[in-house]
Amino acid sequence: MSSKVCKNCGGSDIDVDQARGDAVCMGCGSVLEDNIIVSEVEFVETGGGGSLAVGQFVSAEAGAKHPSFGDAHLTGRESRAQTLQKAKQHINTLGHQLQMNQHCLDTAYNFYKMALIKHLTRGRKASHVIAACLYLVCRTEGTPHMLLDLSDLLQVNVYVLGKTFLVLARELCINAPAIDPCLYIPRFAQLLEFGEKNHDVSMTAMRLVQRMKRDWMHTGRRPSGLCGAALLVAARMHEFRRTIKEIVSVVKVCESTLRKRLIEFEDTPTSQLTIEEFMKIDLDQECDPPCFTAGLRKKKAHELEMELKKKMDDVEDEIHGYEDEIDAELQSSRPKLRGVYAAYVKEDCENDNDGTLTTSSKMEDDEEPEEVDELQAVAKHFGKDLGELTLEALIKLEQKRSGEEEEEEEEENQEGDVPQRKGPSLESILGTMPSAATLGLSESINNCIGDEKENDGAADSGELDLSGIDDSEIELYLLDDREVKIKTALWMAENSDYLKEQKEKEAKIAKEKELGIYKEKKPRGPVKRRPPIRASTADEAIEKMLEQKKISSKINYDVLKDLNIKPGASPSRKPESPKKELSATTLTGRNRKPIRAGLSLSTPLSTLGKRLQPFITGQPNKKLAVEQVANSNPLPEPAGAPASGVLVESGPVVYDDAAADEEEEEEEETCVSAMELMGSNDYGCDGDYDDGF
Amino acid sequence: MDSSNDEALDIIVTNVVATFRTRCHLNLRTIALEGTNVIYKPEVGKVLMKLRKPTITASIWSSGKIICTGATSEDEAKLGARRLARCLQKLGFKVRFSAFRVVNVLAVCSMPFAVHLIDFTKNNRPIASYEPELHPAATYRIKNLKATIQVFSTGSLTVTVRGSALKWKLQS
């Protein structure tokens, strides 16, 4: 700041006077600097004779240059400071609702600042971020607040909050320690109102929870659920009656969750202890988590099934042998069979056919030709429709194997020496099976015959590689014309509301476009715009405009027009009209002034209103004329100039506000001459009100 | 760990999500009215089309972007996508099959032992996070592979991986 060398003489002897704020060269006397900014404390005398230091404390973070006087809020500070202040307020409000102490709130505020610096607040609702900061504090401090509480206060989905919280914790590298269910117990116990025994019940519940932890019941579960179960048991142990519903309302878990926890606890060996034992002893044995044991059970069941299947296979093999023998005998003793079993045959011919065929066909897995022969041989006994039956049987064989095993067992256990005995039992099976089998079969056939999945490299050029795509199958996906019509009708019917809305929207937009104004999302009707008036002078223009505009019948416009010529000479009078825009309709007649009576020569052009502005080019020589014309302007549009230079605008000028116009255009005969009106323009609207009567 | 055990741990891919573009504008109403297995959601602005053969659900937007979900392998996803494009072609749109990209793969695996989530999270502090109030599993994120693994206390894992070069990730 202060150069050690004088610029004029080069001398280095410079006297800096802090009090005067000058730097003067002692050699040549030239003033090098003045009004040096001084950082000294000044004192001022107060009323009682004491002294005050001048100035205000400015906090480092605020960075505010202007002190806040009356409005201590958000005026004129920079954005960051405003954000921080808002956040602080919110944090305090929320925190007090949760009964958190000030230390926690301060920590939360610090977290928020950190989040702000790292730009984590962007794209997230401020309330969410604040809640997440608060919850972060709760976790680090270990207060018994749940995320559910916060979401209750904010009426926000808890998972949304949770997401924000997780992101925050990750970005700020804050490792929140895991929740210990024991933390929640005192809080819930209080809410359950155990009175004097509160402490005892809490201790018991805590022991229970710790036991649950050791039994691995708490991993992956909401801590509140465990607490609920523990408290329920503890309450009962101390002879308090707390129903499940009461606990549910306090702990905020579902009834079924509570029940499940209780059941799981029941499965642990600890549940077998009596109350006294439980208080004293702590079992060493630890259990596996309940879902793990459930998984193990499933595994065991599966293994059992496998074993059973194997056994079945063994049994089947035995039966194979038996059936071979039977077939051999059948062949040898055909005529006998015919005779003996003719009766049976006649009764249930087809059924038996099926039965025999399927039984025999079941036996041989892969020996198809042999099957066919044998089947044919067997079928000859009973029926003639071998071809179909054989095929069907063969087909059914493949599909039925797995499904029929259980039933097979039943029949085969009979060890039917005679195939016919198996017939009836198979009947019932066949009655239900075939349909499933044939369906299943068609799928498998399709799989065999259908496309193989060739996955060549995609043609990045954009061409569709059709290899491996069966067109006929794709055609299935497309409806034919008739179906299209039906579907169209259905769809239209369903979505008729939506379609209507769309049509209306489109119509509106089209209309507005036509009219040259396309206002997006405005529910108003289309705004009419007149073709621009071409005139050589402002007078002409205004005259034309007057003609165009729908003019009220209550005003004698000729008289008004006369005003053009002689500003003060016309006999007609125009009452002063306060330029009340909005209350146009309310003030009927009385104070309505059709004319910009308050205009004077000094009225700035801008106050003449939007309507007139296009015609007013700002040339001074036209100003007079314009104003004169304006005086005759019957337009009641209050959007124009108020009496004085006070510009009171009503907003966009609405041309077809005919109703308002008419009301406003009621002329009143008062004894105020135009000249006076012209002259008395300095009162402004308020002044006009008085004169308007 | 995976392949050297006696009992090989099977990791099964259960879902593959892929996107591609048809590079032409699609009229959703036509698709909705002329296709079977189609759900049209005009409010959202998309059509859901379900294929049977590779069981795939596709979301089709009018800009020509299509997302296919539900396939069980990358190849299947590609086949399904091509099928879908063929179907659209038949409907009369000038479809070109471009920018096919697998976006996400979900796989499931099961450990034969249970996992103590709290200790697990403590040991793997910044990478793993566990929030019992929100989700019963601990989430373990591998940033450079862009993978997220959810570890359940029973020992089952679900692995989801985003982005490119997925094949080698599945094998490693």
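In what follows, every chain begins at residue 1, and chains take the letters A, B, ... in the order their sequences are listed. Please read these numbers as outputs of a predicted model, since none were measured by experiment.
Contacts between B:Ala114 and chain A at a heavy-atom distance below 4.5 Å involve backbone atoms as well as side-chain atoms. Residue B:Val38 touches chain A through both its backbone and its side chain, counting heavy-atom pairs closer than 4.5 Å. Residue contact with chain B, scored on non-hydrogen atoms closer than 4.5 Å, involves the side chain of A:Tyr498 exclusively. For B:His116, the parts lying under 4.5 angstrom from a heavy atom of chain A are both the backbone and the side chain. Proximity to chain B (any heavy atom under 4.5 Å) is restricted, for A:Leu166, to the side chain, taken from C-beta onward. At a 4.5 Å heavy-atom cutoff, the contact between B:Arg29 and chain A is made by side-chain atoms alone. Neither the backbone nor the side chain of A:Leu161 comes within contact range of chain B, judged by heavy atoms closer than 4.5 Å.
Aromatic ring pairs are classed by plane angle as parallel below 30°, tilted from 30° to 60° and perpendicular above 60°; the pair A:Tyr135 and A:Phe165 is perpendicular.
In this structure A:Tyr184 satisfies the side-chain hydrogen bond (donor to acceptor under 3.5 Å, both in side chains) test together with B:Glu133, sequence neighbours excluded.
For A:Thr164 and A:Arg124, the side-chain atoms include no donor-acceptor pair closer than 3.5 Å.
Of residues 218-226 of chain A, those residues with a non-hydrogen atom less than 4.5 Å from any non-hydrogen atom of chain B are, in numerical order, A:His218, A:Thr219, A:Gly220, A:Arg221, A:Arg222, A:Pro223.
Ranked by heavy-atom pairs under 4.5 Å with chain B, the list A:Arg170, A:Gln502, A:Lys163, A:Lys485 is led by A:Arg170. For chain A, the option among B:Pro42, B:Ser129, B:Ser153 with the highest count of heavy-atom pairs below 4.5 Å is B:Pro42. The greatest number of non-hydrogen atom pairs below 4.5 Å with chain A, out of B:Ile31, B:Leu33, B:Thr154, is found for B:Leu33.
One distance of note links OG1 of B:Thr148 with OH of B:Tyr140; it measures 12.0 Å at 0.5 Å rounding. Interatomic distance, CE of A:Met114 versus CD of A:Glu171, reported as 11.0 Å (0.5 Å rounding).
Minimum heavy-atom separation, B:Cys68 to B:Ile56: CB-CG2, 4.0 Å.
B:Thr121 places no side-chain N or O within donor-acceptor distance of the main-chain N or O of B:Ala128, the cut-off being under 3.5 Å. With A:Lys487 contributing its side chain and B:Ala32 its backbone, the two residues share a donor-acceptor pair below 3.5 Å.
At most 12 heavy atoms of other shown residues, nucleotides or ligands fall within 6.0 angstrom of atom NZ in A:Lys260.
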Item to complete: Apply salt bridge (charged side-chain N to carboxylate O under 4.0 Å, His left out) to the pair A:Lys503 and A:Glu506, showing each step before the final yes or no.
Response: CA-CA 5 Å; A:Lys503 276 185 192 162; A:Glu506 280 173 28; over 6 Å; no
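Residues A:Met146 and A:Ile179 fail the side-chain proximity criterion, which asks for heavy atoms closer than 4.5 Å.
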